[in-house]
**Student:** 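Dumping the structure here so I can ask a few things about it.
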Amino acid sequence: MIDVNLLRENPAAIKASQKARGASEDLVDQAAKADDNWRKAQAEFENLRAEQNAKAKLVAGASPEERTKLIAEGQELAAGVKAAEQRAADFQNELNTIVLKIENVVTEGVPVGGEDDFVVIREEGTKPTFDFTPRDHTELGELLDVIDIERGVKISGSRFYFLKGWGARLELALMNLALDQAANANFTALITPTLVKPEVMAGTGFLGEHSDEIYYLPADDLYLTGTSEVALAGYHSNEIIDLTDGPKRYAGWSTCYRREAGSHGKDTKGILRVHQFNKLEMFSYVTPEQADEEHAKLLAWQEEMLKKCELPYRVIDTAAGDLGSSAARKFDAEAWVPSQETYRELTSTSNCTTYQARRLNVRYRKEDGKTAIAATLNGTLATTRWLVAILENHQQADGSVRIPVALRPYLGGAEVISPVKKS
RNA sequence: GGAGAAUUCGCCUAGUGGCCUAUGGCGCCAGCUUGGAAAGUUGGUUGGGUGCAAGCCCUCGGGGGUUCGAAUCCCCCAUUCUCCGCCA
């Protein structure tokens, strides 16, 4: 959630941000009004309560007659105090409801507009040229017997698959490569729960507009997470963390579950868009002053991984309207997918500034001893989808796939995955 | 699944209706002491809201209730521990 102090001091800035996102500016006025109402009602209640407290305190030391009188007065006050408290609580609820709807204030410089209004920051690597017709990853997956979609569908339905043989090993190798890199950069590895309570899902903001993307288990009132970000953001909720030694960084590995409810007909072939995949996610808790710098670092680590996988990619600065509600700025790295002759998102990194941490009540202690809301950032370091780019970009005429050098140590030194007779 | 116990300011802990505006210890921070340290000693040490400020309000796991007044009494919930059952 946004900072109510900003709402009081500079509502125009929030309005401008809402406008850039194509979100409601009217919410800001509504929130300001609700805030005003709440503060008045709260002051009224507190004054009455102070009076009540003062009277109650006198009772103990009073003479019998005075005592009767004071108790009578107290009885009279009690109902009024209760009513005032209720009024204040109602206004506060109203304020909260509105404020939670306001999205994070976008960073200055973020492109205005929607999904297609991103700005390409740079392109890296060389797109492969083939003297044969490149196969798509589905075909390669069958040829090499590394992705078994048919049987995945048989077992679990559409958008499910088996990773098999070198495919399974390749994914584990990718995750291990990423985890080693993260560990070197001072990330603590975490294998996170993938079933979480409603309040955690709500607290991380995933129950809002994306709620139909999420699997829910009614018998247990638990949600399956679509990213370990949920658990990683909730990890330090309601805590005062120590940031004196620098950022707290976590590399969370988990299986991710997504209903893909709104994407019927999109990417139906292969494993580009699936209900279940694995992901290694970077997550940083930093001071608000460090957030921009950390964001640049997360992006640099993502690019490092892409380079290790020898993938051509571009980095885009996502437009305001395409940001998640928690993000103030988001960079995506998209890898070249030869069969589609287009770039597809492999990583995404968001700077959530204090927006997410405020809602989850994650604080740190400043040098003056006071507490302040921390900033959070997240970024992908590896996912199952990377296999698509790796298989397609490194394919050879005979259908074999060259394994990127950095991955070989994790695959027993293997250099190539060759076609096999399908079993 | 059943029964019982517990949850207090970083940690431990006192506290069964009103000077609890929460006790004491450990730890931590600052001062004194010291050549320096230890020991000793004095003070500080939960957070939040609101207000220019003084202050006021909230906070004893969470939420309700009883009462003029609740850490304390009642109800619901969460978590932890112990025992029983069940499963491995």
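Letters A, B, ... are given to chains in the order of the sequence lines, protein chains preceding strands, and every chain is numbered from 1. Hydrogens, waters and symmetry mates play no part in the numbers below; they use all other heavy atoms, side chains included.
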**Student:** Determine the interatomic distance between P on U13(B) and the same-named atom on G18(B); round to the nearest Å.
**Tutor:**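 Here U13(B) and G18(B) have their P atoms 24 Å from each other.
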**Student:** Considering only NZ, NE, NH1 and NH2 on the basic side and carboxylate oxygens on the acidic side, decide whether Glu345(A) and Arg385(A) come within less than 4.0 Å.
**Tutor:**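 So Glu345(A) does not pair with Arg385(A) through a salt bridge.
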**Student:** For Ile240(A) and Asp35(A), find the nucleotide of RNA chain B closest to each by heavy atoms; which residue's nucleotide sits nearer the 5' end?
**Tutor:**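 The residue mapped nearer the 5' terminus is Ile240(A).
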**Student:** Using the C1' atom on both, measure G15(B) against A88(B) and round to a whole Å.
**Tutor:**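 That atom pair is separated by 45 Å.
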**Student:** For nucleotides G49(B) and U59(B), find the distance between their C1' atoms and express it as a whole number of Å.
**Tutor:**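 Comparing C1' positions in G49(B) and U59(B) gives a spacing of 11 Å.
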**Student:** Under the rule for side-chain hydrogen bond (donor to acceptor under 3.5 Å, both in side chains), what residues qualify as partners of Thr380(A), not counting sequence neighbours?
**Tutor:**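 Thr380(A): no side-chain hydrogen bond (donor to acceptor under 3.5 Å, both in side chains) contacts found.
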**Student:** What nucleic acid atoms does Ala43(A) come within less than 4.0 Å of, heavy atoms only: base, sugar-phosphate, or nothing?
**Tutor:**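 No contact at all - Ala43(A) keeps every heavy atom at 4.0 Å or more from the nucleic acid.
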**Student:** For a quick check of understanding: with a heavy-atom distance under 4.0 Å over all strands, which category does Arg363(A) fall into, base, sugar-phosphate or nothing?
**Tutor:**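 Sugar-phosphate: the residue Arg363(A), judged by heavy atoms under 4.0 Å, touches backbone atoms but no base.
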**Student:** Mind running a 4.0 Å heavy-atom check of residues 70-92 of chain A against RNA chain B and sending the residues that fall below it, in number order?
**Tutor:**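 Heavy-atom contacts with RNA chain B come from Ile71(A), Gly74(A), Gln75(A), Lys82(A).
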**Student:** Using 4.0 Å as the upper bound for N to carboxylate O, is an ion pair formed by Arg314(A) and Glu334(A)?
**Tutor:**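 Salt bridge: yes.
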**Student:** For Gln290(A) and Thr287(A), indicate whether the former's side chain and the latter's backbone hold a donor-acceptor pair under 3.5 Å.
**Tutor:**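 Side chain of Gln290(A) to backbone of Thr287(A): a pair is present.
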**Student:** Taking the C1' atom of each, how far is C68(B) from G62(B), in whole Å?
**Tutor:**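 Approximately 26 Å lies between the C1' atom of C68(B) and that of G62(B).
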**Student:** At under 4.0 Å, does any side-chain N or O of Gln42(A) touch on OP1 or OP2 of G49(B)?
**Tutor:**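 Gln42(A) to G49(B) OP1/OP2: no side-chain N or O under 4.0 Å.
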**Student:** Taking the ring of Tyr250(A) and the ring of Phe283(A), is the distance between their centroids below 6.0 Å?
**Tutor:**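 No, the ring of Phe283(A) stays outside the 6.0 Å limit from the ring of Tyr250(A), centre to centre.
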**Student:** So which one's nearest nucleotide on RNA chain B is more toward 5', Asn47(A) or Ala56(A)?
**Tutor:**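 By nearest-heavy-atom nucleotide position, the 5'-most residue is Ala56(A).
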